[in-house]
Amino acid sequence: DWFSSVAFWYQTPPLPLEEALPPVEKRVAPYRVLDPAALTSRADPPFLLIPSDLGLSYIPSIGDAWIEFDFDVEQDGRYQLSGMFMYGIVGGIYQPYLDGNAIGGPLDFVIVNYNPGFANLDLHELKAGKHTLRFESKAGRTSPMLRSELPAINGFHFIRLFVLRLEDMEGYHQKLNELVEKKK
């Protein structure tokens with residue numbers, strides 16, 4: 001599902017569903033979920049990289065820093081990339097790049113507590129093979145959420161990378177063909 005929600009209502013008299021719900025495998029998008037700690041990564045400065053069960057933390061403690069991750073896709077196609085990140089009081093502001101090209105604007109990972117959060121890294125036409133996702137921080141970028149008592153730690157915590165090939169979604173080709181026909 002692109003969007004999911006739950007609604008409850010009370011109905012009198014109760015009625016059964018006309019059709020059974022499809023099995024879970026048909027209702028959940030076929031995401032590949034990648035652990036950043038298991039991916040090949042590089043960072044500059046190359047210290048304070050901390051792998052855990054919840055991904056990979058990077059704490060450069062300076063403004064100019066970057067970290068990048070290599071991941072593979074098996075087939076050419078249109079891919080949605082998303083990430084689960086930890087936002088917190090020691091987070092930084094990082095610009096994401098895919099294969100050397102900026103994607104979207106900078107992501108501000110600073111909040112006054114600690115919470116995981118989802119970030120959409122956009123749609124991309126990818127060829128089969130290796131791709132590099134990079135997050136780059138620049139000195140002088142300061143979050144409006146940074147507490148004045150804290151030094152700028154510039155932390156980055158990547159929990160999971162979600163890779164979804166849209167062509168693998170049931171109904172994608174049908175919808176694409178309908179849109180092409182409408183344009184004619």
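Along the sequence shown, the residues carry numbers beginning at 1. A quick note: this is a predicted structure, and the numbers were derived from the prediction, not measured.
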In this structure, CD1 of Ile103 is separated from OH of Tyr97 (nearest 0.5 Å) by 10.5 Å
Quick one: do Arg160 and Asp35 satisfy salt bridge (charged side-chain N to carboxylate O under 4.0 Å, His left out)? Show the steps, please. CA-CA 5 Å; Arg160 293 292 183 266; Asp35 180 354; 3.4 Å; yes
Within the distance-only criterion (no hydrogens, no angle test), does the side chain of Asp44 pair as donor or acceptor with the backbone N or O of Pro46 below 3.5 angstrom? no
Answer yes if the ring centres of Phe135 and Phe109 are under 6.0 angstrom apart, and no otherwise. no
Are Lys130 and Thr40 side-chain neighbours, meaning at least one heavy-atom pair lies under 4.5 Å? no
Non-hydrogen side-chain atoms of Val73 and Arg165 separated by less than 4.5 Å: no
Transitive ILVMFWY side-chain link Leu54 to Leu49, under 4.5 Å: no
Give the cluster check for Leu123 versus Phe118: same hydrophobic cluster or not, with ILVMFWY residues linked at side-chain heavy-atom distances below 4.5 Å. yes
Taking all non-hydrogen atoms of both residues into account, name the closest pair between Leu107 and Ala119 and its distance. CD1-CB, 4.3 Å
Test item: side-chain donor near acceptor, Thr132 and Asp99, under 3.5 Å: no
Just by modelled atom types, is the Gly63 backbone N or O under 3.5 Å from a matching donor or acceptor in the Ser137 side chain? yes
Within-4.5 Å side-chain heavy-atom neighbours: Leu164 and Leu166: yes
Check for a donor-acceptor pair, side chain of Gln80 on one end and backbone N or O of Leu121 on the other, with a separation under 3.5 Å. no
Check: Ala102 main-chain N/O paired with Arg134 side-chain donor or acceptor under 3.5 Å: no
Decide yes or no for Leu81 and Val163: does some side-chain heavy atom of the first lie under 4.5 Å from some side-chain heavy atom of the second? yes
Specify the closest pair of heavy atoms between Tyr58 and Pro45, including all atoms of both residues, with the distance to one decimal. OH-O, 2.7 Å
Do His157 and Ile159 have side-chain heavy atoms sitting under 4.5 Å apart? yes
Compare all side-chain heavy atoms of Leu98 with those of Leu126 and state whether any distance is below 4.5 angstrom. yes
Between Tyr94 and Phe85, is any pair of side-chain heavy atoms under 4.5 Å apart? no
Where Phe69 and Ser41 come nearest, the two heavy atoms and their spacing: CD2-CB, 3.7 Å
Judged by atom type as modelled, is there a donor-acceptor pair below 3.5 Å linking the side chain of Asp108 to the main-chain atoms of Ile93? no
Taking every heavy atom of Gly104 against every heavy atom of Gln95, the minimum-distance pair comes out as O-NE2, 2.9 Å
Taking all heavy atoms of Ser52 and all of Ala37, pick out the closest pair and write down the distance. O-CB, 4.3 Å
When hydrophobic residues are tied together by side-chain contacts of less than 4.5 Å, even through go-betweens, does Trp66 share a cluster with Ile59? no
Is it the case that more than 12 heavy atoms not belonging to Glu74 sit under 6.0 Å from its CD atom? no
Please work out which of the three classes, parallel, tilted or perpendicular, describes the rings of His131 and Phe71, given edges at 30° and 60°. tilted
Report, as yes or no, whether the 6.0 Å neighbourhood of atom CG on Asn115 holds more than 12 heavy atoms from other residues, nucleotides or ligands. yes
Nearest heavy atoms of Asp122 and Asn120, plus distance in Å: N-OD1, 2.7 Å
State, with a plain yes or no, whether a side-chain heavy atom of Leu39 is found less than 4.5 Å away from one of Phe158. no
